[in-house]
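Okay, so here's the structure we're looking at.
In what follows, chains carry the letters A, B, and so on, assigned in the order in which the sequence lines appear, proteins first and then strands, with residues in each chain numbered from 1. FYI, side chains are in, hydrogens and waters are out, and symmetry mates aren't considered; it's all heavy atoms of this structure.
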Number of protein chains: 2
Amino acid sequence: MDTLETRELRYFVAVAEELHFGRAAERLGMAQPPLSRAIQQLERRLGVCLLQRNRRGVRLTGAGEVLLHEGRAALNAIAAAARRTRRAGGADSPGGPRGLLVLAVKAAASHELLRRLLAAYAAEPDSAEIEVLPCGIREQEELLRDGRADVALMHTPWNSLAGFDSEELTTEGQVAVLPAGHPLAARGTLSLADVRDVPDLPLARWPTRGTYAPGPGPEIHNQTQLAQLIALGRTVAVVPDSARSWLWAEHTAVPLTDAPPVVTHIAWPAHSRSLALAGLVRTAARL
Amino acid sequence: MDTLETRELRYFVAVAEELHFGRAAERLGMAQPPLSRAIQQLERRLGVCLLQRNRRGVRLTGAGEVLLHEGRAALNAIAAAARRTRRAGGADSPGGPRGLLVLAVKAAASHELLRRLLAAYAAEPDSAEIEVLPCGIREQEELLRDGRADVALMHTPWNSLAGFDSEELTTEGQVAVLPAGHPLAARGTLSLADVRDVPDLPLARWPTRGTYAPGPGPEIHNQTQLAQLIALGRTVAVVPDSARSWLWAEHTAVPLTDAPPVVTHIAWPAHSRSLALAGLVRTAARL
DNA sequence: CGCGGTGATACCTGGCAGGTATGACAGGAC
DNA sequence: GTCCTGTCATACCTGCCAGGTATCACCGCG
């Protein structure tokens, strides 16, 4: 009587995202009428109006917004339960894998730290196997939430640690990456203002939540592209010190005096209680 | 094909907790055979063995343990979605409540801070209604997780903030609460060692996760009981400074020099994004 | 060797999820 | 006004599956 079925959550989230019963039904691989009925039934069971069916289209009510957020979180938790259970399966069978941890890392970030962590953990007794899953920085949080990953190396201020348990690992400064021949490349240190005010080298722009801030610099989609544009003398970028590991010969990194420090954390879903994870975190904290 | 139904999660959690199909079925209000079948089906769908059916009883496998943990979290998320949606319902109807926030507080803790917070928030424009839900300190986290509460006042080091977003509010010292006539009550300050070493006043013992640590002091179940035992000269307790608000005339509070400080936070589920909650947090941070 | 207690199997049935066909209604073109 | 179109809701049917009852297979124990 008061327990939501995952089917209903899936249906509602689809409708709330599409704001269109027909398209939502198509996305769900079903016909539109049963979907309409299911949503009505959900509204009756909750005793709440979720959607404002106006002539021409659908809008979310306040309660609908709440269910969209909370429902997404619940669906993530359900998917995580299924994935983590599957991953743990077979760990009992003697001779089988003793456990597998999926570690989400932003591609090419903290390369040296990661190398040392993997080596140190592999040397531990009873260590589990670690699968390294390179991904985008925004993706990490989603991967942890929906169970595709178990643990992640995160970097403030870019990642948000809200909702996760975490342990601080290292702090590093940031550097400006310039084309090797540029006059500024000869300086020993720079300030953010120096970098922002170079007229011939507009600061590269990264997407924040899918959109680019306005500005003169080029829009960057991946690191290779950035590296090339810097090498060509078209842009300059501010990156953490450890990013030196992927610089080209044609790049020069100059330390910045006033850039915010970058802190690397190891983070995991707050409720996790696996031995393998605890071992990895302990190893990381001792590095 | 790979999506867990909440029904299956409920069933599995019941069986995993009871470790007995018959009792689990009874708890679920159903017959035992369909429950057995549902669990088998779940195991087949996940491709994982969850339970070790021995002669005489059932045991969890590793994968079963994982599903028990993750499944509980998922069920909490689902219950939270339903409850918060219901609570948000009707907030659209003009004239209806503009919103209701449920605030979980440990009974009698941070009394003055709470009073000021409620007053300051009520004075804000567009403030929602606040329902204060007094509860035990361990309960708070569960209430936030399953949606019975939206926000809580938590106290480190007793509460864990893992999994929540939070804002630090105040830090306070701790005091020893003694019977008024006791020799130690005349002292201006005390150390933890002083309090622990009084032979005639054994330190009161609080339950930690339902069990009591061994020791000579009385086992405390609630604050009233503690207050009475102190007044009777049977025990001594270490409590935060703000607990002075519930002391009796026959009590004397003496500051402790070396007790760990108590930090009060306002905490909420990390993914929450409601305007009313944001307003309350902003008000609290400005106090 | 029964007996009690366990989970598994066999079989049946009612409800409900989902499909198809169609209605109701609003807007736009003219 | 009168179509036509795009939307969501309703009506009705059907097949599947969740759940019930009866029973089995197994084991430990007095």
*Could you give the CD1-to-P distance, from B/Ile39 to C/dT6, as a whole number of Å?*
17 Å
*Nearest-Å distance for atom pair CZ/C1', residues A/Arg7 and D/dA18*: 13 Å
*asked:* Nearest whole Å is fine: how far is C/dA17 P from A/Tyr11 OH?
replied: 9 Å
*Whole-Å gap separating C1' (C/dG15) and CD (A/Gln41)*: 11 Å
*Evaluate the side-chain proximity of A/Val48 to A/Thr61: yes if any heavy-atom separation is below 4.5 Å, no if none is.*
no
_Please identify which of these residues, A/Arg145, A/Arg84, A/Arg83, A/Arg273, meets the salt bridge (Lys or Arg N to Asp or Glu O under 4.0 Å) condition with A/Asp150._
A/Arg84
*asked:* Taking the side chain as everything from C-beta on, heavy atoms only, tell me whether A/Glu124 gets closer than 4.5 Å to A/Arg282.
replied: yes
*Could you work out which one of C/dA17, D/dA18, D/dG20 sits closest to the side chain of B/Ala31?*
D/dG20
*Quick one: A/Met30 CE to D/dC16 P, roughly how many Å, whole number?*
17 Å
_Residue pairs, two or more places apart or on separate chains, that pass ring-ring contact (aromatic ring centres under 6.0 Å, His included) and touch residues 206-225 of chain B_ = B/Tyr212-B/His221
*With sequence neighbours excluded, what pairs up with A/Gln223 under the side chain to side chain contact (heavy atoms under 4.5 Å, CB included) test?*
A/Lys106, A/Ala108, A/Trp246
*nucleotides 8-13 of chain D: protein proximity per nucleotide (B base, S sugar-phosphate only, - neither; heavy atom, under 4.0 Å)*: BBB-B-
_Salt-bridge criterion met for A/Arg87 and B/Glu70 (N-O under 4.0 Å)_ = no
_Between C1' on D/dG19 and CD on B/Glu26, what's the gap in Å once rounded to a whole number?_
17 Å
_Interatomic distance, B/Leu42 CG vs D/dC17 C1' [rounded to whole Å]_ = 16 Å
*D/dG20 C1' sits how many Å from B/Leu28 CG, rounded?*
15 Å
